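Predicted model only: the values in this text are computed from it and were never measured.
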Amino acid sequence: MKVRKAVIPAAGWGTRFLPITRAYPKELLPLITKPLIQVAVEEVVASGIEEVIIVVAEECCFIQEYFQSAPELNALLTQKGENHLAKEMCRLERLAHISYVTQVERLGLGHAVLTARDAVGDEPFAVILPDDVVDASEPALLQMMKIFHDYGSSVLGVVDVDTPDIQRYGVIRPESVKPCVHKVLALVEKPTPAAAPSQLGIVGRYILTPQIFDAIAATGPGRGGEIQLTDALSILLQSQPIYALEFCGKRFDAGNPLGWLEAQVALGLKHHEYGDALRQKLRQII
Ligand code: UTP
């Protein structure tokens, strides 16, 4: 079955980015000139999905505003002869069909996904977390959709994580199926390094069957009192297989300041306009 919809949870507190996240959603932090959430929507669209459901916190309206049309700005840009920018703004406004659901209580990632249940309906869907940025020649989500097409089961994006960091991830017990593809035998949310069943941590890319919604509904609060998607995946695993893909590409954890800075520098150095100048400036600084 075709994956037609993608859910982008963007209602978290973003505590690792305080104080900016007191007033401003983490998902609007910039990567060069685009906010993280636009980068995520572009990955979704480049993977062939045109319907996007963004989960927002009740009081947050910046994200909706960002994707709204801005006729006055577009007219001003055209009047000033900034045709390239005006075109880019029109492209942004037509990027995808975007709808919003509100997560009134921020009870965790699993709960955020459950909030999108009615909007998704009874069909497989993608989930992409904007603070996990992946620089890849083929979008990570598209790579995962090919695996979903082959196996017809949920697919998790995983990366090889350094041992000390493993306790920040949902971790899989893998059984290798073919290079980079694993059958998931079990999942553990944020294990200690000694208890980790592998070094393969789940990052913010998922293709999920709609049965995940019942699994989330049956999931009680887990680590940190939040309804964890990883715990719901463990329930889903009891009734259907789940696969994991070590996708090709470099992933940045832009949800914390150091990872975000790393992403800025790495992608800045590759930027067609700023790359060379940034390299020179970094040489001067270092
Ligand atoms: P994180 O685990 O990064 O949590 O969420 P967070 O609250 O955003 O950030 P920290 O850990 O406090 O710094 C992963 C994704 O899930 C969304 C976030 O917006 C982010 O895209 N999320 C998280 C929700 O939409 N709702 C929630 O209740 C929790």
Neighbour count above 12 (heavy atom, 6.0 Å) for D122 CG
no
When you check the gap from the basic side-chain N to the acidic O, do K270 and D135 get nearer than 4.0 Å?
yes
Can you check salt bridge (Lys or Arg N to Asp or Glu O under 4.0 Å) on E138 and K146, steps first, answer last?
CA-CA 11 Å; E138 180 178 44; K146 289 178 179 168; 2.3 Å; yes
Mind checking the CG-NE2 spacing from L77 to H84? Nearest 0.5 Å is all I need.
11.0 Å
What are the two closest non-hydrogen atoms of R205 and F247, and how far apart are they?
CG-CE2, 4.5 Å
Shortest non-hydrogen pair, P130 vs E27, comes out as CG-CG, 3.6 Å
For H97, what residues pass the ring pair (Phe, Tyr, Trp, His ring centres under 6.0 Å) criterion, not counting sequence neighbours?
none
Tell me whether D162 contacts the main-chain N or O of D165 through its side chain, where contact means a donor paired with an acceptor under 3.5 Å.
no
Spacing of CG belonging to L156 relative to CD belonging to E246, to within rounding of 0.5 Å
12.5 Å
Give a yes or no on whether V188 and L237 share a hydrophobic cluster (residues Ile, Leu, Val, Met, Phe, Trp, Tyr; joining criterion: side-chain heavy atoms under 4.5 Å apart).
no
Stepwise side-chain hydrogen bond (donor to acceptor under 3.5 Å, both in side chains) test for E189 and Y169:
CA-CA 6 Å; E189 178 65 6; Y169 290 80; over 6 Å; no
Any V120 side-chain heavy atom under 4.5 Å of I53 side chain:
yes
Residue pair Y151, V177: steps toward the side chain to side chain contact (heavy atoms under 4.5 Å, CB included) verdict:
CA-CA 11 Å; Y151 295 95; V177 176; 3.3 Å; yes
Show your working on side-chain hydrogen bond (donor to acceptor under 3.5 Å, both in side chains) between E42 and Q38 and close with a plain yes or no.
CA-CA 6 Å; E42 286 179 350; Q38 182 180 344; 2.9 Å; yes
Between K250 and E262, does the side chain to side chain contact (heavy atoms under 4.5 Å, CB included) criterion hold? Intermediate values first, please.
CA-CA 11 Å; K250 168 78 180 145; E262 188 192 353; 3.8 Å; yes
What's the spacing between L245 CG and D150 CG if we round to 0.5 Å?
10.5 Å
For F125 together with F213, are the ring centres under 6.0 Å from each other?
yes
Let's go through T209 and Q240 carefully: what are the C-alpha distance in whole Å and the side-chain angles of both, what is the deciding distance for side-chain hydrogen bond (donor to acceptor under 3.5 Å, both in side chains) to 0.1 Å, and is it a yes or a no?
CA-CA 10 Å; T209 58; Q240 45 179 255; 2.6 Å; yes
Verify, without hydrogens or angle tests, whether K26 (side chain) and T15 (backbone) share a donor-acceptor contact under 3.5 angstrom.
no
With side chain to side chain contact (heavy atoms under 4.5 Å, CB included) as the criterion, how do V56 and Q64 come out once you've worked through the C-alpha distance, each side chain's angles and the decisive distance to 0.1 Å?
CA-CA 9 Å; V56 290; Q64 291 96 316; 3.7 Å; yes
Test side chain to side chain contact (heavy atoms under 4.5 Å, CB included) on I54 and I63; report intermediate values, then the result.
CA-CA 9 Å; I54 301 181; I63 293 174; 4.2 Å; yes
Side-chain donor-acceptor pair present, Q228, T230, cut-off under 3.5 Å
no
Do L229 and I216 touch side chain to side chain, with heavy atoms closer than 4.5 Å?
yes
Say whether, by atom type as modelled, one donor and one acceptor occur between the side chain of T163 and the main chain of P193 under 3.5 angstrom.
no
D253 side chain vs G255 backbone, donor-acceptor pair below 3.5 Å
yes
Please say whether more than 12 non-hydrogen atoms of neighbouring residues, nucleotides or ligands are located less than 6.0 Å from NZ in K183.
no
Quick check: closest heavy atoms across K2 and G48, and the distance to 0.1 Å?
NZ-O, 3.7 Å
Hydrophobic cluster partners of I235 (side-chain heavy atoms under 4.5 Å):
none
In terms of the angle between their ring planes, are Y24 and F62 parallel, tilted or perpendicular, with boundaries placed at 30° and 60°?
tilted
Do H111 and Q103 meet the criterion of a side-chain donor-acceptor pair at a distance under 3.5 Å?
yes
Side chains of C90 and N74: closer than 4.5 Å at any heavy-atom pair?
yes
Which pair of heavy atoms, one from V171 and one from S198, lies closest together, and at what distance?
CG1-O, 3.3 Å
State whether the side chain of E93 and the backbone N or O of A70 hold a donor-acceptor pair below 3.5 Å, judged by distance alone.
yes
Would you say the side chain of E43 lies within less than 4.5 Å of the side chain of I128, judging by non-hydrogen atoms?
yes
Side chains of L76 and K80: closer than 4.5 Å at any heavy-atom pair?
yes
Do the non-hydrogen side-chain atoms of F148 and S153 ever get within less than 4.5 Å of each other?
no
Kindly check if the number of other-residue, nucleotide or ligand heavy atoms within 6.0 Å of CZ (R91) is above 12?
yes
Assigning hydrophobic clusters by single linkage (Ile, Leu, Val, Met, Phe, Trp, Tyr; side-chain heavy-atom cutoff under 4.5 Å), is L233 placed with I147?
no
Could you give the distance from CD (E226) to CG (L107), rounded to the nearest 0.5 Å?
8.0 Å
Side-chain heavy atoms under 4.5 angstrom apart, residues restricted to Ile, Leu, Val, Met, Phe, Trp, Tyr: same cluster for Y66 and I20?
yes
Between L269 and L278, what is the shortest heavy-atom contact and its length?
N-CD2, 3.7 Å
State the CG-CG distance between D131 and L36, to the nearest 0.5 angstrom.
7.0 Å
Would you find more than 12 non-hydrogen atoms of other residues, nucleotides or ligands less than 6.0 Å from E65 atom CD?
yes
With a 4.5 Å cut-off on side-chain heavy-atom distances among I, L, V, M, F, W and Y, is there a chain of contacts connecting L187 to V127?
yes
Are the side chain of W260 and the backbone N or O of F17 linked by a donor-acceptor pair below 3.5 Å?
no
Answer yes or no: is there a side-chain heavy-atom contact under 4.5 Å between F67 and V41?
yes
Between D214 and R117, the two heavy atoms sitting closest are OD1-NH2, 2.7 Å
In one Ile/Leu/Val/Met/Phe/Trp/Tyr side-chain cluster, 4.5 Å: Y206, V3:
no
For the pair S154 (side chain) and L208 (backbone), establish whether a donor and an acceptor sit closer than 3.5 Å, ignoring hydrogens and angles.
no
In this structure, SG of C61 is separated from OH of Y100 (nearest 0.5 Å) by 11.0 Å
Does any non-hydrogen side-chain atom of L200 lie less than 4.5 Å from one of V159?
no
Chi angles and distances behind the salt bridge (Lys or Arg N to Asp or Glu O under 4.0 Å) call for R4, E123:
CA-CA 8 Å; R4 300 184 312 126; E123 58 182 282; 2.7 Å; yes
For the side chain of H182 and the backbone of V184, is there at least one donor-acceptor N/O pair under 3.5 Å apart?
no
